[in-house]
Amino acid sequence: MVGQSARRVTRHPRPAPEQQRDAQSAGVDALQVTPVHHVFAPSPEKTVAHYREVGEAADLPIVLHNVVPWALVPVDTIEMLRDVPQVVAVKQSGGDIHLLADLLHRLRDRFTVLAALDDLHYPAFVMGAHGALVPRI
């Protein structure tokens with residue numbers, strides 16, 4: 001899995017579709033993609049459009065990496081991503097246990113939900129998370 005950040009601090013607001021195609025031709029199995037962020041979070045519609053564009057460019061499974069503290073994607077917006085078939089999982093790294101609980105309660109049957117913070121692993125598993133992503137040591 002290859003991670004891609006969608007920060008809007010460069011001339012190019014999103015990773016170029018060519019980058020996704022290059023990753024795919026290099027044998028990458030999935031993309032881990034952060035939401036678009038800079039100072040403010042985008043609207044739900046722009047967030048969905050971003051993931052749709054990334055998904056259509058590479059046609060690889062996407063893990064939404066919900067990590068940006070000032071731009072965490074709310075559950076209502078993640079629910080809107082049901083119509084983007086490439087989005088298959090959410091890596092919840094934001095540290096908000098209430099958001100994690102709501103995500104698991106509402107969308108566990110549609111998306112694979114992964115915990116990504118040590119402090120949330122145990123409660124995430126108790127609440128029904130599918131797994132965790134941890135760095136290789």
Inset, instruction - Step by step, work out the side-chain contact (heavy atoms from CB on, under 4.5 Å) result for Val54 and Ile62. - result: CA-CA 8 Å; Val54 171; Ile62 294 173; 3.9 Å; yes
State, with a plain yes or no, whether a side-chain heavy atom of [X] is found less than 4.5 Å away from one of [Y].
X	Y	result
Leu64	Val33	no
Asp102	Leu99	no
Gln86	Asp59	yes

Inset, instruction - Kindly write out the residues that satisfy side chain to side chain contact (heavy atoms under 4.5 Å, CB included) with Leu104, not counting sequence neighbours, or none if the list is empty. - result: Leu100, Arg108, Val113, Met127, Ala129
Legend entry - All side chain to side chain contact (heavy atoms under 4.5 Å, CB included) counterparts of Val67, not counting sequence neighbours: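 So Val67 forms a side chain to side chain contact (heavy atoms under 4.5 Å, CB included) with Thr34, His65, Ser93.
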Legend entry - Stepwise side-chain contact (heavy atoms from CB on, under 4.5 Å) test for Arg52 and Asp83: CA-CA 9 Å; Arg52 186 178 311 282; Asp83 299 329; 4.3 Å; yes
Taking all non-hydrogen atoms of both residues into account, name the closest pair between [X] and [Y] and its distance.
X	Y	value
Val87	Tyr51	CG2-CB, 4.1 Å
Pro42	Thr47	CG-OG1, 3.4 Å
Leu133	His121	O-NE2, 4.5 Å

Inset, instruction - Can you establish whether the number of heavy atoms outside Tyr122 located under 6.0 Å from its atom OH is more than 12? - result: no
Inset, instruction - Flag yes if Phe111 and Val88 sit in one hydrophobic cluster, no otherwise; membership is Ile, Leu, Val, Met, Phe, Trp, Tyr, and two members link when side-chain heavy atoms are under 4.5 Å apart. - result: no
Legend entry - Derivation and outcome, side-chain contact (heavy atoms from CB on, under 4.5 Å), residues Val48 and Leu81: CA-CA 6 Å; Val48 172; Leu81 290 168; 3.9 Å; yes
Inset, instruction - Please list all pairs passing the side chain to side chain donor-acceptor pair (under 3.5 Å) test where one or both residues lie in residues 71-82, with sequence neighbours left out. - result: Asp76-Arg106, Glu79-Arg106
Inset, instruction - Could you check Val90, Val73, Asp96, Asn66 and say which one makes a side chain to side chain contact (heavy atoms under 4.5 Å, CB included) with Leu103? - result: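 When side chain to side chain contact (heavy atoms under 4.5 Å, CB included) is applied between Leu103 and each of Val90, Val73, Asp96, Asn66, only Val90 qualifies.
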